[in-house]
Amino acid sequence: MIQNVEFRFEGGRSGVLLIHGLTGTPAEMRLVGKGLNRAGFSVYGMQLAGHCGDAKDLLATNWQDWYASVEKAAEQFRHEVDHLFVAGLSMGAVLALKLAADHPDWVKGVGVYGATFKYDGWATPWYGKFSFLLPLIDKLGIGRNWMVHEEEPYGLRDERLRQQISSLMLGGDSAAAGLPGNPWPSLAEMYKMAAVVRRDLPRVNAPCLIAHATEDDIASIENAYLVERSVSGPVETLWLEDSYHMITIDRERRVLIDRSAAFFQQIAATYEPAARAAA
């Protein structure tokens, strides 16, 4: 059964919509949400369709469902704030970029955290090199019940936190720590979406803060470079040298929070006070 673990933190007239990653949970965005809220932002940590349940729940959805849930959350939240920002981790960063490309009138700025267009980090298993074939494999109906299981270091450089998260994940608490692996069909859906968003990146005109771990175990820095050279809006880049993929909860999360808050505040300051978005 899917649990609803979305969160809201009421704050000022600028709001940040936070998007978690594939097989993840809003919990991975909660510390960033609290930090942004302390900096004066209203925060909405939304939950992607099909997530925070079991693998069957996830397999019942496709990437269009995940993106539809992002659009729905943004449509709701933008009426509550004067300035809407969006930030996502991993696949959530890709979804955030798509929202900015599709709705430039909604999104004032984007936090691109550990963007994952392909799984090519140093901890990716050998068969990960063939992940680009997943959409074809899925089309042929192969591997419906296959899963790529999470392995050490689980995106975390902080060993104490890694132990806590892995215990929750392997213990079956998907609402707190996500699923213990990625079903092949869901990975195929992620790659289908990534191909679409890659083509759409030039339509992203909003300023982007691209934050990426230099030693990302899941998604190499080539993913960050792709965004950096492809979007049309101004870009700031934050390289994190003491973290792995899960930068929203790993050792340098406070650096990420402070830089994100300053980035969004600077953009909000350029706009005249505005009424709420028209209903």
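Sequence positions, counted from 1, serve as the residue numbers for this chain.
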Return the [atom1] to [atom2] distance between [X] and [Y], rounded to the nearest 0.5 Å.
| X | Y | atom1 | atom2 | value |
| --- | --- | --- | --- | --- |
| L256 | I249 | CG | CD1 | 11.5 Å |
| L187 | Y191 | CG | OH | 7.5 Å |
| S186 | M91 | OG | CE | 8.5 Å |
| F263 | D258 | CZ | CG | 15.0 Å |

(request) Can you sort out the partners of T248 under side-chain hydrogen bond (donor to acceptor under 3.5 Å, both in side chains), two or more places apart, ordered by chain and number? (result)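 Applying side-chain hydrogen bond (donor to acceptor under 3.5 Å, both in side chains) to T248 gives none.
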
(request) Could you please spell out the steps behind the side-chain contact (heavy atoms from CB on, under 4.5 Å) verdict for L156 and S243? (result) CA-CA 7 Å; L156 291 162; S243 302; over 6 Å; no

Can a donor-acceptor pair be found, under 3.5 Å and without considering hydrogens, that links the side chain of [X] to the backbone of [Y]?
| X | Y | value |
| --- | --- | --- |
| D57 | D54 | yes |
| T61 | L58 | yes |
| E189 | N62 | no |
| R157 | E252 | no |
| S232 | P202 | yes |
| D216 | S220 | no |
| E75 | V70 | no |
| R253 | D250 | yes |
| E6 | L48 | no |
| D217 | G155 | yes |

(request) Check A115 against A219 and note the closest heavy-atom contact, atom names and distance. (result)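 Shortest heavy-atom contact: O-CB, 3.7 Å.
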
(message) For T237 and E228, which I'm curious about, is there any donor-acceptor pair between the side chains at under 3.5 Å?
(response) yes

(request) Classify the side-chain pair N223/T116 by whether it contains a donor and acceptor separated by less than 3.5 Å. (result)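 There is no such pair between these side chains.
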
(message) Can you confirm if the aromatic rings of Y244 and W122 lie within a centre distance of less than 6.0 Å?
(response)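 Distance test on ring centres: under 6.0 Å, yes.
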
(request) Give a yes or no on whether a salt bridge exists between D102 and K98, defined as a side-chain N under 4.0 angstrom from a carboxylate O. (result) yes

(message) Does this structure show an ion pair linking K118 with E222, if we count only N-O contacts that are shorter than 4.0 Å?
(response)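 So K118 does not pair with E222 through a salt bridge.
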
(request) Report yes if some heavy atom in the side chain of I210 is under 4.5 Å from a heavy atom in the side chain of L238; otherwise report no. (result) no

(message) Between W66 and H51, is there a side-chain heavy-atom distance shorter than 4.5 Å?
(response) yes

(message) When you group the ILVMFWY residues by side-chain heavy-atom contacts below 4.5 Å and let the links chain together, are I218 and Y225 in the same group?
(response)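 No; tracing contacts between hydrophobic side chains, which count when under 4.5 Å, never links both residues.
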
(message) Applying side chain to side chain donor-acceptor pair (under 3.5 Å) to S90 and H245, what does each step give before you reach the verdict?
(response) CA-CA 8 Å; S90 194; H245 185 62; 2.9 Å; yes

(message) L240 vs T214, test: side-chain contact (heavy atoms from CB on, under 4.5 Å). Steps then yes/no.
(response) CA-CA 6 Å; L240 298 169; T214 57; over 6 Å; no

